[in-house]
Amino acid sequence: MNKIEKIPSESALIPDALKTQISALFAKLTKNISLKAVLDCEDEKSMELGSFLKVLVSCSDKVQVDFFEKGENLEIQGQLNGTHLPVVGIYQSSSCQILETNEEKYNSKEEYTGACFHGVPGGKEINSFLAAICYAGGAASPLDENVLEQVRLVKKEIAIKVFVSLACHHCPHVAAACQKIAMENSYIKADVYDAKLYPDIVEKYKIERVPMMIFNDSKVVMGQKNAEEVAEYLITI
């Protein structure tokens, strides 16, 4: 048995009552979602994320998870900026019809939404993580049309780093706004980080309080912002 197979199938972060709520939430999904996690199986937080995700996907047959050990799948690890583990990315799954002689076959195609979380999305951040899954899965209201119009005008690569604390009341709003925006434009990526897990990041970006956004490693924005405000920053990058 490899280390990933040893990940427990129970998580203190999702008690039975919350699991029931998540099941009801996921029942509204209209699209299949694949969660892809890159783990360092020698690390406690990686195992905690693995357990969390195992319980989460048990709430719906429309959500699945694939686990990869550090260095196992460099393509996925690259997509998810996997230098800071653990990390989980949200992918949309779709069935593509392939016509062959006398039969029909379907292949599953998975596309990265541009949204991922570094750390374990517990505490207040479980709300933003669930919101991102529901948005990708077609179970949430779309962004305002004016916001969508601005977001879709972006034609260059923009990477948003969102630094949060799991105890922060304002952070989930920023995380959710950035990740929903990323899902609307393939040029935009939104990585959310539980800042306290990565001392090197705190030092590099001089993080003293959260929420904090950094656009393309240059423009720093502090405090709670909604999707409309985030979209306005995009045109200044």
Novice: Does CD belonging to E72 count more than 12 external heavy atoms closer than 6.0 Å?
Specialist: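 Yes, because the 6.0 Å sphere around CD of E72 holds more than 12 heavy atoms from other groups.
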Novice: Hydrophobic clusters here meaning ILVMFWY residues chained together by side-chain heavy-atom distances under 4.5 Å, can you tell me if M212 and V221 are in one?
Specialist: no
Novice: Drop me the distance from Y198's OH to Y193's OH, to the nearest 0.5 angstrom.
Specialist: 8.0 Å
Novice: Is there side-chain contact between D200 and H84, with at least one heavy-atom pair below 4.5 Å?
Specialist: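 Touching, per the 4.5 Å side-chain cut-off.
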Novice: Might you point out which heavy atoms bring A136 and T113 nearest each other, and give the distance in Å?
Specialist: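 Nearest pair, atom of A136 first, then T113: CB-CG2, 4.2 Å.
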Novice: Kindly indicate whether the side chain of L49, heavy atoms from C-beta on, has any atom under 4.5 Å from the side chain of P121.
Specialist: yes
Novice: Check whether L234 and I214 end up in the same hydrophobic cluster, where Ile, Leu, Val, Met, Phe, Trp and Tyr are linked by side-chain heavy atoms less than 4.5 Å apart.
Specialist: no
Novice: Name every donor-acceptor pair, under 3.5 Å, that has one atom in a side chain of residues 173-185 and the other anywhere in the protein, sequence neighbours excluded.
Specialist:
{"unit_1": "Q179", "atom_1": "NE2", "unit_2": "C116", "atom_2": "O", "d": "2.9"}
{"unit_1": "E184", "atom_1": "OE1", "unit_2": "R152", "atom_2": "NH2", "d": "3.3"}
{"unit_1": "E184", "atom_1": "OE2", "unit_2": "Y135", "atom_2": "OH", "d": "2.6"}
{"unit_1": "N185", "atom_1": "OD1", "unit_2": "Y187", "atom_2": "N", "d": "2.8"}
{"unit_1": "N185", "atom_1": "ND2", "unit_2": "V151", "atom_2": "O", "d": "2.7"}
{"unit_1": "N185", "atom_1": "ND2", "unit_2": "V154", "atom_2": "O", "d": "3.0"}

Novice: When clusters are formed by joining ILVMFWY residues with side-chain heavy atoms under 4.5 Å apart, either directly or through shared neighbours, do V38 and V65 land in the same one?
Specialist: no
Novice: When you look at I90 and L35, which way does the side-chain contact (heavy atoms from CB on, under 4.5 Å) test go after all the steps?
Specialist: CA-CA 5 Å; I90 301 173; L35 304 175; 3.9 Å; yes
Novice: Checking side-chain contact (heavy atoms from CB on, under 4.5 Å) for the pair N73/D66: CA distance, chi angles, key distance, verdict?
Specialist: CA-CA 11 Å; N73 188 315; D66 296 311; over 6 Å; no
Novice: What about M222 and V192, same hydrophobic cluster or not, with Ile/Leu/Val/Met/Phe/Trp/Tyr joined at side-chain heavy-atom distances under 4.5 Å?
Specialist: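 No; V192 is not reachable from M222 via cluster members.
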Novice: Let me confirm one number: the CG-OG distance from L39 to S46, rounded to the nearest 0.5 Å.
Specialist: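 The OG atom of S46 is 5.0 Å from CG of L39, to the nearest 0.5 Å.
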Novice: For the pair Y91 and Y112, name the ring-plane relationship: parallel under 30°, tilted 30 to 60°, perpendicular over 60°.
Specialist: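 Y91 and Y112: tilted rings.
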Novice: Look at the side-chain heavy atoms of Ile, Leu, Val, Met, Phe, Trp and Tyr, link any pair under 4.5 Å apart, and say whether V120 and I22 land in one connected group.
Specialist: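 Shared cluster, yes.
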Novice: H118 and N81: side-chain donor and acceptor closer than 3.5 Å?
Specialist: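 Side chains of H118 and N81: no pair found under 3.5 Å.
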Novice: For a 4.5 angstrom cut-off between non-hydrogen side-chain atoms, does Q77 reach F68?
Specialist: no
Novice: Short question: side chain of T236, backbone of E232 - any donor-acceptor pair under 3.5 Å?
Specialist: no
Novice: Mind listing the closest non-hydrogen atom pair of C134 and L29 along with its distance?
Specialist: CA-CD2, 3.9 Å
Novice: Donor-acceptor pair, distance only, cut-off 3.5 Å: does the side chain of T30 make one with the backbone of G137?
Specialist: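 Indeed, once roles are kept as given, a pair shorter than 3.5 Å links the two residues.
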Novice: Side-chain contact, heavy-atom cut-off 4.5 Å: I133 with F26?
Specialist: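 Side chain of I133 against side chain of F26, heavy atoms only: contact under 4.5 Å found.
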Novice: Side chains of residues 52-64: which donor-acceptor partners sit under 3.5 Å, not counting sequence neighbours?
Specialist:
{"unit_1": "K54", "atom_1": "NZ", "unit_2": "I7", "atom_2": "O", "d": "2.8"}
{"unit_1": "S58", "atom_1": "OG", "unit_2": "K19", "atom_2": "NZ", "d": "3.4"}
{"unit_1": "S58", "atom_1": "OG", "unit_2": "V55", "atom_2": "O", "d": "2.5"}
{"unit_1": "S60", "atom_1": "OG", "unit_2": "K62", "atom_2": "N", "d": "3.0"}
{"unit_1": "Q64", "atom_1": "NE2", "unit_2": "E110", "atom_2": "OE2", "d": "3.2"}

Novice: On a heavy-atom basis, which atom in Q150 and which in E228 lie closest, and how many Å separate them?
Specialist: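 Closest approach of Q150 to E228: OE1-O, 4.4 Å.
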Novice: Give, for atom CG of L148 and atom CG of L153, the distance between the pair rounded to the nearest 0.5 Å.
Specialist: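 If we round to the nearest 0.5 Å, L148:CG and L153:CG are 11.0 Å apart.
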Novice: In terms of side-chain heavy atoms, does S128 have a donor or acceptor partner in E125 at a distance below 3.5 Å?
Specialist: yes
Novice: Please confirm whether the backbone N or O of S93 pairs with a side-chain atom of S34, one donor and one acceptor, at under 3.5 Å?
Specialist: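 No; judged by distance alone, with no hydrogens or angles, the pair does not exist.
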Novice: P199 versus V202: any side-chain heavy-atom pair under 4.5 Å?
Specialist: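 Sidechains of V202 and P199: no contact.
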Novice: Show every donor-acceptor pair shorter than 3.5 Å between a side-chain atom in residues 158-169 and any protein atom, with sequence neighbours excluded, or say none if there are none.
Specialist:
{"unit_1": "K161", "atom_1": "NZ", "unit_2": "D217", "atom_2": "OD1", "d": "3.1"}
{"unit_1": "S165", "atom_1": "OG", "unit_2": "A167", "atom_2": "N", "d": "3.2"}

Novice: Is E149 atom CD crowded by more than 12 heavy atoms from other residues, nucleotides or ligands, each under 6.0 Å away?
Specialist: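 No, not enclosed.
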Novice: Can you name the closest pair of heavy atoms from G138 and K31 and give their distance?
Specialist: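 Minimum heavy-atom separation between G138 and K31: N-CD, 4.4 Å.
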Novice: Does C41 reach the side chain of M47, with side-chain heavy atoms less than 4.5 Å apart?
Specialist: yes
Novice: Is any side-chain heavy atom of E48 less than 4.5 Å from a side-chain heavy atom of K45?
Specialist: yes
Novice: With a 4.5 Å limit on heavy-atom distance, are the side chains of Q92 and I33 in contact?
Specialist: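 Yes; the side chains approach each other to less than 4.5 Å.
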Novice: Restricting to non-hydrogen atoms, name the atom on L197 and the atom on G119 that form the minimum distance, rounded to 0.1 Å.
Specialist: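 For L197 and G119, the tightest heavy-atom pair comes out as CD1-CA, 3.6 Å.
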Novice: So which atom in G89 and which in L80 form the shortest heavy-atom distance, rounded to 0.1 Å?
Specialist: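 Closest approach of G89 to L80, heavy atoms only: CA-CD2, 3.6 Å.
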Novice: Students often mix this up, so state it plainly: with edges at 30° and 60°, are the rings of F129 and F117 parallel, tilted or perpendicular?
Specialist: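 Aromatic pair F129/F117 classed perpendicular.
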